[in-house]
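Values below: all heavy atoms of this structure, side chains included; hydrogens, waters and symmetry mates excluded.
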Amino acid sequence: MRLDKLLANMGYGTRKEVKQLLKQKGVTVDGGVVKDASMHVNPDIQEVSVFGERVEYTEFIYLMMNKPPGVISATEDHIDKTVIDLLDPLAQHFKPFPVGRLDKDTEGLLLITNDGQLAHNLLSPKKHVPKTYYAKINGEVTESDIEAFKQGVELDDGYVTKPGELVILRSGPSSEIELTIQEGKFHQVKRMFESVEKTVTYLKRLSMGSLKLDEQLNLGDYRELTEEELNTLKNK
């Protein structure tokens, strides 16, 4: 890879700005000062440094975010703030995107990456990746709802969902539940409860496949996936 491309990809500026770094003798390869922007380097075996700081080359970025309400799951929007707007400039430089989407008013686990293959594997209907949600429901959730969800319910457009696993945490005029589904239809959780004449008043995604929301993350915060989390997710 060309040296200027490597440094630009890692957020050290535009190609023009990188050339300025080279002119300032700020870039070394294996300890030697380099001035040629077109020099080819192998970041896996060569040590590239900028003003003494080693450049850790990564092609992909994998972030777990605790998505806050009021923010949309998109890369850009002319009206609303997006989850990408919440990232720092270096993370944005990788041009990541949310894997799937959470509704604007929904909170919780959102994976953000620029790894298209992993995103495809997690979103493909053929992969049957489970997603678990916690919800507050206006209405009494009962055993009959558990059975209905287990069989699959008919949504307002006639689509019959795949079986969902409904767990009642608290039942009453206002109920609390956890629901695991393997699909991601538009507003699916809300529409499933509408099909049994109940309303979702609060929704939070807890997990996606093997990836579980880090409860230490405040709303709007994010962190890189651990090596273990990433390996488990890829091998799922």
Does [X] use its side chain to pair, donor to acceptor, with the backbone of [Y] at less than 3.5 Å?
| X | Y | answer |
| --- | --- | --- |
| S124 | H120 | no |
| Q92 | I84 | yes |
| K67 | V71 | yes |
| S171 | V141 | yes |
| D103 | T106 | no |
| E17 | T14 | yes |

Are [X] and [Y] close enough for a salt bridge, meaning some N to O gap below 4.0 Å?
| X | Y | result |
| --- | --- | --- |
| K190 | D105 | yes |
| K150 | E147 | yes |
| R170 | E176 | yes |
| D80 | K104 | yes |

Would you please test K23 and K35 for side chain to side chain contact (heavy atoms under 4.5 Å, CB included) and show each step? CA-CA 6 Å; K23 280 184 181 178; K35 294 181 181 179; over 6 Å; no
Verify whether one side chain among Y12 and D4 offers a donor that lies under 3.5 Å from an acceptor in the other.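 On atom types as modelled, these side chains do not qualify, holding no pair under 3.5 Å.
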N121 and Q117: side-chain donor and acceptor closer than 3.5 Å? yes
Which atoms form the tightest heavy-atom contact between [X] and [Y], and what is the distance?
| X | Y | answer |
| --- | --- | --- |
| A119 | F97 | CB-CE1, 3.7 Å |
| E140 | S175 | CA-OG, 3.5 Å |
| L179 | G164 | CD1-C, 4.3 Å |
| V200 | V189 | CG2-O, 4.1 Å |
| R54 | S49 | CA-OG, 3.6 Å |
| M10 | E56 | CE-O, 3.1 Å |

What's the separation between atom [atom1] in [X] and atom [atom2] in [Y], rounded to the nearest 0.5 Å?
| X | Y | atom1 | atom2 | value |
| --- | --- | --- | --- | --- |
| D156 | S195 | CG | OG | 9.0 Å |
| L155 | E183 | CG | CD | 8.0 Å |
| L110 | L63 | CG | CG | 10.0 Å |
| L109 | R205 | CG | CZ | 5.5 Å |
| I112 | S73 | CD1 | OG | 8.0 Å |
| L122 | T113 | CG | OG1 | 9.5 Å |

Under a 4.5 Å cut-off applied to non-hydrogen side-chain atoms, are [X] and [Y] in contact?
| X | Y | value |
| --- | --- | --- |
| L211 | M64 | yes |
| L169 | E178 | yes |
| L7 | V18 | yes |
| D214 | N66 | no |
| P96 | L87 | yes |
| K162 | H128 | yes |
| K198 | D145 | yes |
| T180 | K131 | no |

D85 vs T82, test: side chain to side chain contact (heavy atoms under 4.5 Å, CB included). Steps then yes/no. CA-CA 5 Å; D85 293 330; T82 73; 3.3 Å; yes
Looking at Y62 versus F94, is the centre-to-centre ring distance below 6.0 Å?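 Judged by ring-centre distance (under 6.0 Å), Y62 and F94 do not meet the cut-off.
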Should [X] and [Y] be counted in the same cluster of Ile, Leu, Val, Met, Phe, Trp and Tyr side chains packed under 4.5 Å apart?
| X | Y | answer |
| --- | --- | --- |
| L217 | L102 | no |
| V196 | L203 | yes |
| Y57 | V48 | yes |
| I137 | V153 | yes |
| F60 | V55 | no |

With respect to V99, which candidate in L123, L118, D115 satisfies the side-chain contact (heavy atoms from CB on, under 4.5 Å) definition? L123
Are S38 and D36 close enough, and set up right, to give a side chain to side chain donor-acceptor pair (under 3.5 Å), and what steps lead you there? CA-CA 5 Å; S38 65; D36 182 7; 2.7 Å; yes
Under 6.0 Å from the [atom1] atom of [X], do we count more than 12 heavy atoms belonging to anything else shown?
| X | atom1 | answer |
| --- | --- | --- |
| E165 | CD | no |
| R101 | CZ | no |
| E224 | CD | no |

Taking it one step at a time, do L3 and L22 satisfy side chain to side chain contact (heavy atoms under 4.5 Å, CB included)? CA-CA 10 Å; L3 181 59; L22 293 165; 3.8 Å; yes
Go through the steps for R223 and E229 under the test salt bridge (charged side-chain N to carboxylate O under 4.0 Å, His left out), then give the verdict. CA-CA 12 Å; R223 66 163 173 80; E229 287 170 334; 2.8 Å; yes
Honestly, is K204 close enough over Y133, meaning NZ or CZ under 6.0 Å from the six-membered ring centre and within 45° of the axis? no
Is the positively charged end of K136 above the ring of Y202, judged by distance under 6.0 angstrom from the centroid and angle within 45° of the axis? yes
CA sep, side-chain torsions, deciding dist, call: R191, E194, side chain to side chain contact (heavy atoms under 4.5 Å, CB included): CA-CA 5 Å; R191 292 165 69 200; E194 285 170 4; 4.1 Å; yes
Taking ILVMFWY side chains as joined if any heavy atoms are under 4.5 angstrom apart, and letting links pass through other members, which residues group with V33?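 Besides V33, the hydrophobic cluster comprises nothing; the residue is isolated.
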